[in-house]
Protein chains: 2
Amino acid sequence: MSTFCKFETALEILVGKWKPVILLRLFSNGTMRFSELQKAIPEITKKMLTQQLRELEYHDIVHREIYRQIPPKVEYSITEYGKGMEPILQALNDWGVAHIEHLNELYGPNHSVEPHTNDAMDE
Amino acid sequence: MSTFCKFETALEILVGKWKPVILLRLFSNGTMRFSELQKAIPEITKKMLTQQLRELEYHDIVHREIYRQIPPKVEYSITEYGKGMEPILQALNDWGVAHIEHLNELYGPNHSVEPHTNDAMDE
DNA sequence: GCCTTAGGTTTCTTTTTGTATACTACGTTT
DNA sequence: AAACGTAGTATACAAAAAGAAACCTAAGGC
């Protein structure tokens, strides 16, 4: 009854506009401070960065190390457990790359990734 | 430069509150008509079901077969290309199941999947 | 000549997400 | 004594996604 039924749980960890790019940075850079993440992802707001990091921390994907200093210093890194996600992230990535290719074949090289919604169709 | 950078594309296809459950139904039931999907997922509205199916169709994951009858009949099924997603869906699912297990170990069996937001804390 | 059916579409409201800006704490530098 | 720097929180607001409900179509049955 419940085989093949809980990938929604997995997705919850990946969704949100920012989690993929945060994970990407942490996976490739190792340990990063809050401000380094901000610099690496300039479009993100503090609120969003904090919020997403807290969720990833709750899920034991990232570790938050606080240094009690003034000015404060907090470092984020992927946990050992979190590293176990890498293969699946890689698989998703590979599939994504291949899928863009597939969409190119279907719709030509200058398509949008999103289907058109019924607004904004040449008016 | 662009290795490990496009799993966002893959995620776009899976995200949305309903796509996982729609895909699940189609993968396990094979061909289904619109109304069968509605019955199988009673909480979904027609609008959402239509919208999500259109997006999956655009991405060549589901096929839409229209029978020109009155009353109308429309059948949905996973495309050959779409079937290529099964391993990755299975992998996500397996990870999700294991992750729930992991959360149980961390927080005990009666936790919520979501971290608490700062509202509604026992007040 | 009205009702039913299937597969939608349209319009409106609510909820969820995201953005922008300000403020805090506290030791160090100017 | 005022300004700076870090890692946030708080508040207000805008935008996007989701939901609810009504409407549409066209053929066949009553």
Side-chain angles (χ1 to χ4, degrees), chain A residues 8 11-22 25-26 31-58 62-77 112-121 123, chain B residues 8 11-22 25-26 31-58 62-77 112-121 123:
Chain A
E8 291 156 280
L11 287 174
E12 274 175 24
I13 287 144
L14 275 343
V15 298
K17 193 170 170 184
W18 299 112
K19 287 207 197 81
V21 51
I22 292 169
R25 294 294 165 176
L26 287 177
T31 297
M32 292 178 84
R33 332 183 26 171
F34 188 85
S35 53
E36 290 180 302
L37 280 164
Q38 269 194 109
K39 264 162 227 152
I41 314 165
E43 325 85 53
I44 202 173
T45 60
K46 283 153 170 276
K47 178 191 165 194
M48 279 296 109
L49 185 53
T50 306
Q51 187 180 300
Q52 306 295 297
L53 284 168
R54 291 293 142 83
E55 288 179 31
L56 292 168
E57 187 192 4
Y58 174 86
V62 311
H63 171 69
R64 180 161 176 256
E65 181 79 34
I66 305 141
Y67 297 82
R68 304 218 152 274
Q69 307 174 349
I70 299 289
K73 174 176 171 184
V74 179
E75 285 184 342
Y76 293 91
S77 53
S112 64
V113 174
E114 291 301 301
H116 53 72
T117 47
N118 36 11
D119 46 68
M121 278 290 287
E123 170 49 28
Chain B
E8 289 156 281
L11 288 174
E12 275 175 24
I13 287 145
L14 275 343
V15 298
K17 193 169 171 182
W18 298 112
K19 289 207 195 82
V21 52
I22 292 170
R25 295 291 164 179
L26 288 176
T31 296
M32 293 177 84
R33 359 193 346 186
F34 188 84
S35 52
E36 290 180 302
L37 280 164
Q38 267 194 111
K39 265 162 227 151
I41 313 166
E43 327 83 53
I44 200 171
T45 60
K46 285 153 168 273
K47 178 193 162 192
M48 278 297 110
L49 184 53
T50 307
Q51 186 180 301
Q52 306 295 295
L53 284 167
R54 290 294 142 82
E55 287 178 33
L56 291 168
E57 187 192 4
Y58 174 88
V62 312
H63 172 68
R64 180 161 176 257
E65 182 77 35
I66 305 140
Y67 297 82
R68 305 217 151 273
Q69 310 172 347
I70 298 290
K73 175 176 170 183
V74 179
E75 285 183 343
Y76 294 91
S77 53
S112 65
V113 175
E114 290 300 302
H116 54 71
T117 47
N118 37 9
D119 48 67
M121 279 290 286
E123 205 277 325

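Every chain is numbered from 1, with letters handed out A, B, ... down the list of sequences. Keep in mind the model is a prediction, meaning the values are calculated, not measured.
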Check nucleotides 11-21 of chain C against the protein and report each pair of N or O atoms closer than 3.5 Å, with its distance, or say if there are none.
residue: C/dG18; atom: OP1; partner: A/K17; partner atom: N; Å: 3.3
residue: C/dT19; atom: OP1; partner: A/K17; partner atom: NZ; Å: 3.4
residue: C/dT19; atom: O4; partner: A/K47; partner atom: NZ; Å: 2.7

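In this model, the phosphate group of D/dG8 is approached by a side-chain N or O of A/R54 to a distance below 4.0 Å at OP1 or OP2. For A/R33 and D/dT6, the shortest distance from a side-chain N or O to OP1 or OP2 is not below 4.0 Å.
The CE atom of B/M32 lies 11.5 Å from the OG atom of B/S77; values are rounded to the nearest 0.5 Å. Atom CE in A/M48 sits 13.0 Å away from atom CD1 in A/I41 (nearest 0.5 Å). Rounding to the nearest 0.5 angstrom, the gap separating the CD atom in A/E43 from the CH2 atom in A/W18 is 5.0 Å. Interatomic distance, OG1 of A/T50 versus CZ of A/R64, reported as 8.5 Å (0.5 Å rounding). B/E75 CD to B/H63 NE2: the interatomic distance, rounded to the nearest 0.5 Å, is 9.0 Å. Taken from CG in B/L37 to CG in B/L53, the straight-line distance is 6.0 Å, to the nearest 0.5 Å.
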Exercise. Would you check, one step at a time, whether the test side-chain contact (heavy atoms from CB on, under 4.5 Å) holds for A/I44 with A/I22?
Key: CA-CA 10 Å; A/I44 202 173; A/I22 292 169; 4.2 Å; yes
Quiz prompt | Step-by-step side-chain contact (heavy atoms from CB on, under 4.5 Å) determination, B/K39 to B/E36 | solution = CA-CA 5 Å; B/K39 265 162 227 151; B/E36 290 180 302; 5.6 Å; no
Practice problem: Show the numbers, then the answer: is there a side-chain contact (heavy atoms from CB on, under 4.5 Å) between A/L49 and A/F34? | Solution: CA-CA 8 Å; A/L49 185 53; A/F34 188 85; 3.8 Å; yes
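Rounded to whole Å, the distance from CD on B/E36 to C1' on C/dG7 is 13 Å. Taking atom CD of residue A/E57 and atom P of nucleotide D/dA7, one finds them 15 Å apart after rounding to whole Å. Atom pair B/L49:CG and D/dA20:C1' shows a separation of 15 Å (rounding to whole Å applied). Rounded to whole angstrom, the span from the CD atom of A/E75 across to the C1' atom of D/dG8 amounts to 16 Å. In this structure, CD1 of B/I41 is placed 14 Å from P of C/dG7, rounded to the nearest angstrom.
Within residues 65-73 of chain A, the residues approaching DNA chain C are A/I70, by heavy-atom distance under 4.0 Å.
Counting heavy atoms from C-beta outward, B/Y76 and B/T31 have side chains that stay 4.5 Å or more apart. With a 4.5 Å cut-off on side-chain heavy atoms, A/V74 and A/R33 do not count as touching.
Which of D/dG8, C/dG8, C/dA6 sits closest to the side chain of B/Y76 comes down to C/dG8.
Rounded to 10 degrees, the angle between the two end axes of the helix from C/dG1-D/dC30 to C/dT30-D/dA1 is 40°, with five pairs used at each end.
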